[in-house]
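Remember, it's a predicted structure, so these values are computed and weren't measured experimentally.
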Amino acid sequence: MVAVRPGDAETALARRDPGKSVVLIFGPDTGLVHERAQGLVRRAVPDAHDPFALVRLEGDDISSDPRRLIDETSTIGLFGGERVVWVRAGSRNIVPALQPVLAGRCDALVVVEAGDLKKGAPLRALCENAPNALAIACYADSDRDLSRLVDSMMAEAGLAIDRDARDLLVSLIGGDRLASRGEIAKLILYAQGQQRVSLEDVRTIVGDASALALDDVVDSALAGETREAMAALAKALGAATRPDAVLGSLLRALTALHPMALAVAAGASPDQVVGSARPPVHFSRKAKLEKALRALDPDRCLKALLAVDDAVLAARRNAPLAPAICERVVLQVAQQAGRGRR
């Protein structure tokens, strides 16, 4: 059985056994699947524009004409060297086309790019059980993978990145390698002319900037930092964030904060409560959340929660006054937390 573990994928592709004539690359991370297939093809074919060395086929085409694949793999390149057939699997079954390639001698390399294949799927099972094939699964990048990707792309661009900026960047990307590369490339373009990428650069340009702006408003208000909360609110509203979205975010935060405040009142320390929170609190927000737990006891937290709940309803009923309502209640919560700070 020749199935490659996800952690060994890069090594297996970089040191491919020439006896493996078919390489199936599949998985839910379509960006990573394509990137690995493209990298394997580039290592095998110096000139990707040479039609005698590289042939691209659609899986749906060879499923209707299975002989097409064996014909292409049997063709000898005009100038010698390894010939590559790059197949993008579609919705139709290509197993009948691959079976004769795996059954006999094949001097070409067949790279098959496929989507998420469950264990036991015919195409995956065929390649996992063939001695002259590799099956490589591509799953979402881990934080370590993303950190390596960030460092690699930054180094190629001649940039360094601060540790806290990298940690925040890693938390905002992932899920699809192609999308992650796009976000990092956008950040690199923004940072041209600088030597280092800072935390503020990441907050400004990557991911959902409006969500980060909401976090700033909420965290500062709950921590009793009135000036910071009002400045963050002005920035959020200036970026066309709806007042009811700000209030809704503040309401959810207070709802989550209340049981934490009860735990602190029962004798737990704020850092213990924050450290054991589920889902985990992002590192960049821990300090202000601990500050909020020192500022808001359960009674103050509940009072603030009810005030914000009333403000949400008022803002939705009277849209023209919503910015003023939002500003008033954010100020009220921040001042209340400031008075309770100990």
Side-chain angles (χ1 to χ4, degrees), residues 140-147 150 161-175 198-200 202-203 206-233 236 245-312 329-342:
D141 287 314
S142 66
D143 286 353
R144 181 179 296 180
D145 296 326
L146 291 170
S147 292
V150 170
I161 183 168
D162 294 338
R163 182 175 178 178
D164 56 354
R166 184 201 294 111
D167 290 343
L168 178 58
L169 177 58
V170 166
S171 74
L172 293 172
I173 60 178
S198 69
L199 180 65
E200 189 57 34
V202 176
R203 294 177 67 85
V206 177
D208 189 349
S210 62
L212 292 174
L214 288 177
D215 289 346
D216 286 342
V217 176
V218 170
D219 293 348
S220 297
L222 296 184
E225 299 173 352
T226 304
R227 182 178 300 174
E228 291 84 349
M230 301 314 293
L233 177 61
V246 176
L247 293 171
S249 185
L250 184 56
L251 182 63
R252 288 189 295 273
L254 283 164
T255 302
L257 189 69
H258 189 252
M260 299 172 77
L262 289 171
V264 171
S269 66
D271 60 321
Q272 288 174 329
V273 172
V274 172
S276 61
R278 292 294 179 271
V281 177
H282 192 268
F283 77 94
S284 64
R285 306 184 70 187
K286 284 185 176 180
K288 287 195 175 183
L289 185 54
E290 290 174 10
K291 196 172 181 180
L293 287 172
R294 294 187 181 95
L296 293 168
D297 59 26
D299 289 340
R300 288 179 183 273
C301 186
L302 184 58
K303 184 177 179 181
L305 194 156
L306 294 174
V308 174
D309 191 39
D310 289 341
V312 170
V329 78
V330 169
L331 178 61
Q332 179 183 337
V333 170
Q335 289 178 336
Q336 191 171 353
R339 287 194 295 268
R341 194 180 301 160
R342 58 185 184 275

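Nearest heavy-atom pair across A337 and A295 is O-CB, 3.2 Å. V202 approaches A165 most closely through the heavy-atom pair CG2-O, 3.7 Å.
Although no hydrogens or angles enter the test, the distance criterion places a donor-acceptor pair under 3.5 Å between the side chain of D297 and the main chain of D299. No donor-acceptor distance shorter than 3.5 angstrom exists from the side chain of D310 to the backbone of A307, with no hydrogens or angles considered. A donor-acceptor contact shorter than 3.5 Å links the side chain of S276 to the backbone of V273.
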Check your understanding: Do L331 and M230 pass the side-chain contact (heavy atoms from CB on, under 4.5 Å) test, and can you show the C-alpha distance, the side-chain angles, and the key distance before you say yes or no?
Key -> CA-CA 7 Å; L331 178 61; M230 301 314 293; 4.0 Å; yes
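Between I173 atom CD1 and D143 atom CG the span is 9.5 Å, to the nearest 0.5 Å. To the nearest 0.5 Å, atom CG of residue L168 and atom CZ of residue R285 are 11.0 Å apart. Atom CG of D164 sits about 10.5 Å away from atom CD of E200, to the nearest 0.5 Å. To the nearest 0.5 angstrom, L254 atom CG is 13.5 Å from K303 atom NZ. Between the CG atom in L305 and the CG atom in L296 there is a gap of 11.0 Å [rounded to 0.5 Å]. One finds the OG atom of S147 at 7.0 Å from the CG atom of D167 (value rounded to the nearest 0.5 Å).
Considering V246, V308, L251 as possible partners of V329, the one that fulfils the side chain to side chain contact (heavy atoms under 4.5 Å, CB included) test is V308.
L169 places none of its side-chain heavy atoms less than 4.5 Å from the side chain of L146. Between L199 and D162, the closest side-chain pair of non-hydrogen atoms is not below 4.5 Å. No side-chain heavy atom of D219 sits less than 4.5 Å from a side-chain heavy atom of L289. Within the 4.5 Å cutoff, the side chain of H258 has heavy atoms near those of the L302 side chain.
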Please set out all donor-acceptor pairs under 3.5 angstrom arising from side-chain atoms of residues 260-272, sequence neighbours excluded.
residue: S269; atom: OG; partner: D271; partner atom: OD1; Å: 2.5
residue: S269; atom: OG; partner: Q272; partner atom: N; Å: 3.3
residue: S269; atom: OG; partner: Q272; partner atom: OE1; Å: 3.2
residue: Q272; atom: OE1; partner: S269; partner atom: N; Å: 3.1

